[in-house]
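Quick note: numbers below take in every heavy atom, side chains included, and nothing from hydrogens, waters or symmetry partners.
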Amino acid sequence: MPEMPEHHDEGSAIASTGAGGATDLAMSEAETLEKAPGGPDGTGPDRKARSLWSDAWHDLRRNPIFIISGLIILFLVVIAIWPQLIASGNPLDCDLSKAQEGSQPGHPFGFNGQGCDVYTRTVYGARASIQVGVLATLGVTLLGSVLGGLAGFYGGAWDGFLSRITDIFFAIPVVLGGLVLLSVVSNNSVWPVIGFMVLLGWPQISRIARGSVITAKQNDYVQAARALGASNSRMLLRHITPNAVAPVIVVATIALGTYISLEATLSFLGVGLKPPTVSWGIDISSASQYIRNAPHMLLWPAGALAVTVLAFIMLGDAVRDALDPKLR
């Protein structure tokens with residue numbers, strides 16, 4: 001009996017299988033497979049790759065910890081700049097007849113030992129704490145990144161000298177150094193405190209920046225740029241810095257909360273910010289002796305300080321998780 005010729009519909013295509021048979025695919029499906037970039041799911045080599053920063057932002061937008069901490073920090077920054085939005089009183093207006101009294105209409109947090117409104121002072125205290133934390137972090141990050149980056153890039157005698165200087169600063173206890181250095185300062189502004197934090201805080205950022213630059217400069221694209229005759233400044237600014245800055249940002253974000261806590265500690269010990277500056281540390285210090293009779297005086301500024309520090313630490317953890325490829 002003669003073999004009947006195989007007939008196939010015009011709208012089908014034949015794809016051989018590993019078993020030796022044939023699988024009919026609709027022509028439209030075959031065309032889709034041919035046109036899809038790298039495969040049916042569009043995840044092949046033709047797909048546009050995202051950078052580290054775009055990937056990090058993509059992850060941060062979906063991280064509830066980042067969203068919550070970001071909203072808290074945004075609120076704190078707003079009231080630090082415009083405290084009168086939620087507190088209409090003056091933090092320096094006091095009435096001794098109301099000293100240590102509890103919550104009253106119009107004064108939800110009660111009064112402190114001098115008869116000042118605790119709510120108003122808590123709101124206005126955010127300004128000094130945020131200002132010290134942000135400016136100290138910027139100064140530490142800038143100084144530490146420049147010194148550490150140059151040491152990691154050039155190496156040699158400069159790297160050895162900076163490493164020994166860093167070891168000396170690491171050996172100085174921060175609180176003890178603050179007691180010694182700030183005790184001789186009579187200025188009531190925030191600048192001596194910020195200067196002290198920058199002076200003792202840069203070694204940590206410097207070591208992070210140094211290690212990141214040493215790692216980045218060993219990559220192939222840096223070696224290729226060097227072989228093509230790129231100058232040191234171009235390699236450092238265009239190729240190394242963008243790929244070495246992520247660890248510095250993570251450490252600086254977490255350190256910001258630490259500097260706010262350090263300012264409160266120094267103010268509590270009497271060597272940080274001083275009256276008439278309104279600060280959470282000053283209020284905590286003055287309220288500590290009344291903690292049994294009027295705990296509300298200590299509760300609210302201490303709670304505000306704890307929430308602020310926690311928000312910045314949470315933000316730093318979220319940024320670290322987004323920028324560290326090993327945690328993906």
Side-chain angles (χ1 to χ4, degrees), residues 65-94 103 106-140 178 187-198 201 252-288 295-316 318:
I65 295 179
F66 172 77
I67 296 174
I68 294 173
S69 60
L71 291 176
I72 294 175
I73 292 172
L74 178 61
F75 172 74
L76 291 170
V77 170
V78 170
I79 67 172
I81 300 175
W82 301 288
Q84 62 275 11
L85 292 177
I86 62 173
S88 58
N90 188 332
L92 301 179
D93 288 344
C94 305
S103 177
H107 306 279
F109 294 175
F111 299 87
N112 65 7
Q114 301 297 323
C116 304
D117 183 40
V118 175
Y119 171 76
T120 303
R121 291 187 62 86
T122 301
V123 172
Y124 275 80
R127 172 177 293 178
S129 297
I130 297 295
Q131 184 179 9
V132 169
V134 171
L135 294 180
T137 302
L138 291 176
V140 166
N187 193 329
N188 293 333
S189 68
V190 301
W191 297 109
V193 179
I194 295 173
F196 160 74
M197 292 182 181
V198 173
T253 306
I254 298 176
L256 202 157
T258 305
Y259 293 138
I260 293 176
S261 178
L262 178 59
E263 177 273 317
T265 302
L266 295 175
S267 298
F268 178 85
L269 296 174
V271 296
L273 302 180
K274 300 176 179 64
T277 303
V278 181
S279 166
W280 291 332
I282 294 175
D283 287 352
I284 293 172
S285 177
S286 61
S288 60
H296 66 275
M297 294 170 48
L298 179 66
L299 175 63
W300 296 110
L305 175 64
V307 170
T308 302
V309 174
L310 179 61
F312 279 105
I313 293 177
M314 290 170 57
L315 180 67

At what distance, to the nearest 0.5 angstrom, does CD1 of Ile67 lie from CG of Leu315? 12.0 Å

Atom pair CG/CD1 of Leu76 and Ile81 - distance to nearest 0.5 Å: 11.0 Å

Any donor-acceptor N/O pair, [X] side chain to [Y] backbone, under 3.5 Å:
X	Y	value
Trp280	Ala302	no
Ser267	Leu273	yes
Thr265	Ser261	yes
His107	Cys116	no
Ser129	Ala126	no

Are there over 12 heavy-atom neighbours, none belonging to Leu92, within less than 6.0 Å of that residue's CG? yes

Whether Trp300 and Phe109 hold their rings parallel, tilted or perpendicular, with breakpoints at 30° and 60°: parallel

Quick one, [X] and [Y] - any side-chain contact, counting heavy atoms below 4.5 Å?
X	Y	result
Tyr124	Gln84	yes
Thr308	Ile130	yes
Val132	Tyr259	no
Phe312	Thr137	no
Leu305	Ile260	yes

